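Data block below; observations after.
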Amino acid sequence: PAGRVIRPSGPYDTREPLTSYRDMTTYNNFYELGLGKGDPARNAGALVTRPWTVVVDGEVRKPVTLDVDTLTRWFPPEDRIYRMRCVEGWSMVMPWLGFSLGDLLRRVEPTGAARYVQFTAIHAPDKLPGQRPWVLDWPYTEGLRLDEALHPLTLLAVGLEGRTLLPQNGAPLRLVVPWKYGFKSIKAIVRITLTRTPPPTTWALAAPHEYGFYANVNPAVPHPRWSQATEQRIGESGRRPTLPFNGYAEQVAGLYAGMDLRRNF
Amino acid sequence: MRRLPPLAWLEPGVALGGLVPAAFLGWDALTGGLGANPVKQATHQTGQLALMLLTLSLACTPARVWLRWTWAARVRRALGLLAAFYAALHFGLYVRGQDVHLGRIWEDVAERPFVTSGFAALLLLVPLVLTSGKGSVRRLGFRRWTRLHRLVYPAAGLAALHYWWGVKQDHTGPLLAGLGLLLLGLARLRRP
């Protein structure tokens, strides 16, 4: 069953053709639900997404603990069509339904000491078939610099192609940072904590020489095992060149002015 | 009427059976069964098949010597050739996945140990395929032929290393493959 038709309308929406809903919901990296690309869709039932509580705390004046449905009443979601580039070398065009993370952060009022935002995903090893100790250090955590988190492109998504997000896509609440490799866009978020110091991030802990804190899409910096110069757009037959910051350089390159992006990869 | 040798179906059976996965792969490719990223999926499958068949071919002599399964020696060549067939298919799919862009492929082979190891393993299999015919043993002499075909051990080792480097997080598969090869190597060094 097709969702409603999504057409680009906002300033950040890409005009490129959307990836098929089937591919977006059956080809996923979400290790909590299994390591294979098809596992998250197959094991989706293991992730119970309601009721779901999110905590926003740390360096903020008004910490909150609230239900995910309250969150979407506070911030009515809108369509955002973004490119998504996986660090493995494939990409999609995905019509998210969500709201700017900045709106939520401003509402809880960061203190003057807040510099970073830490995100924590669900931890339920007894329920999630992929949450095994030898795979990764659970729970999955990610982080952004506060200015990255406040950027209008940075999204908290609750839906895809006009429909409620499915577990394999990170239901009920996930981050979408379209200029960074997909692993930064943490799924099934239960906690958002503002911090003074850079938070630990799961993949940078697991393989620090392969995955850095920034993980900005960068065709000039290869992964140790493969080039990042090109990508396989799902649904297409050939490879296409990868763009700096995944095509969002105009919007976000200024965040990294003066930084050596080879060292801060 | 000429009497058939015992288990006459053995060699053709193994050869045909070994091609069944390729048939399934072809069917999946035609019917969309390979999912959203079909070339990558087929590359993974053929790579795993190649290493599995190479390991089985290395198990033949230990099975004959230790378990007295004399028939095992008769399927060794078919298993080795099937392994080389899937390895070539694996490489071809990788090349296709790179849009046959030779500059990019050369960069991978020259600069990335993950690709170098797999490519080296494939190269080592080439002389083995070329001397797999029954006449080759006679032409080269048994000793020289045997020494040449010991190249299968470094080839298998490099293939396992390639598999290890290719896996992002869960190394169960490469570990099992490496352990199996190690045991088979030891079984060849010792005799019962």
Side-chain angles (χ1 to χ4, degrees), chain A residues 19-29 31 34-42 84 86-92 94 130 132-138 140 168 183 202-203 205-207 210-211 219 222-242, chain B residues 28-45 47-48 90-120 158-176:
Chain A
T19 302
S20 82
Y21 190 74
R22 189 190 155 77
D23 285 349
M24 291 191 291
T25 54
T26 55
Y27 192 76
N28 307 102
N29 278 329
Y31 282 9
L35 294 174
K37 291 285 184 292
D39 292 343
R42 263 192 296 278
M84 204 285 297
C86 179
V87 73
E88 295 167 351
W90 51 269
S91 63
M92 296 183 179
M94 307 185 70
R132 302 274 174 266
W134 58 87
V135 177
L136 284 170
D137 202 358
W138 306 107
Y140 198 92
Q168 58 265 44
F183 68 86
T202 295
W203 278 105
L205 287 174
E210 298 190 354
Y211 311 103
H223 184 279
R225 286 178 274 145
W226 56 85
S227 162
Q228 295 289 28
T230 62
E231 66 200 51
Q232 169 73 50
R233 175 66 54 84
I234 298 301
E236 290 180 355
S237 73
R239 296 183 78 83
R240 51 164 71 210
T242 289
Chain B
D28 280 344
L30 290 174
T31 57
L34 293 173
N37 204 346
V39 177
K40 191 123 184 190
Q41 176 64 19
T43 310
H44 287 166
Q45 284 188 20
Q48 286 179 347
H90 174 67
F91 181 69
L93 284 160
Y94 154 74
V95 169
R96 167 69 187 80
Q98 297 297 323
D99 288 348
V100 204
H101 190 295
L102 294 182
R104 271 205 301 264
I105 290 159
W106 176 247
E107 184 189 301
D108 266 357
V109 170
E111 292 177 18
R112 304 199 165 92
F114 159 54
V115 186
T116 318
S117 53
F119 188 69
L158 284 164
L161 195 63
H162 170 67
Y163 187 17
W164 172 274
W165 276 327
V167 167
K168 201 155 77 168
Q169 209 54 28
D170 185 6
H171 286 97
T172 318
L175 267 178
L176 286 176

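Proteins get letters first, then strands, A, B, ... in listed order; numbering begins at 1 in each. Only a predicted model underlies this, so the values are computations on that prediction, with no experimental measurement involved. As a basis for the values below, the full set of heavy atoms in this structure was taken, side chains included, without hydrogen atoms, waters or symmetry mates.
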With a 4.5 Å cut-off on heavy-atom pairs, point out which of K40(B), Q98(B), E107(B), Q41(B) contacts chain A the most. Q98(B)

Residue pair K37(A) / N37(B), side-chain heavy-atom distance below 4.5 Å: no

Can you tell which part of E210(A) gets under 4.5 Å to a heavy atom of chain B, answering side chain, backbone, both or neither? neither

Structural part of S237(A) lying under 4.5 Å from a heavy atom of chain B: both

I'd like to know whether E231(A) forms a side-chain hydrogen bond (donor to acceptor under 3.5 Å, both in side chains) with T242(A), so could you lay out the CA-CA distance, the side-chain angles of the two residues, the decisive distance to 0.1 Å, and finally the verdict. CA-CA 6 Å; E231(A) 66 200 51; T242(A) 289; 2.6 Å; yes

Applying a strict 4.5 Å limit to non-hydrogen atoms, the region of T26(A) in contact with chain B is neither

How long is the straight-line distance from CZ of R96(B) back to NE2 of H101(B), given to the nearest 0.5 Å? 14.0 Å

Whatever's closer than 4.5 Å to a heavy atom in chain A on V100(B) counts as neither

Using a cut-off of under 4.5 Å on heavy-atom pairs, state which of S227(A), G89(A), G238(A), A207(A) scores highest against chain B. S227(A)

Applying side-chain contact (heavy atoms from CB on, under 4.5 Å), run through W90(A) and N29(A) and close with a yes or a no. CA-CA 12 Å; W90(A) 51 269; N29(A) 278 329; 3.9 Å; yes

Using every non-hydrogen atom in the two residues, find where F114(B) and R225(A) come nearest and quote the distance to one decimal. CD2-O, 3.4 Å

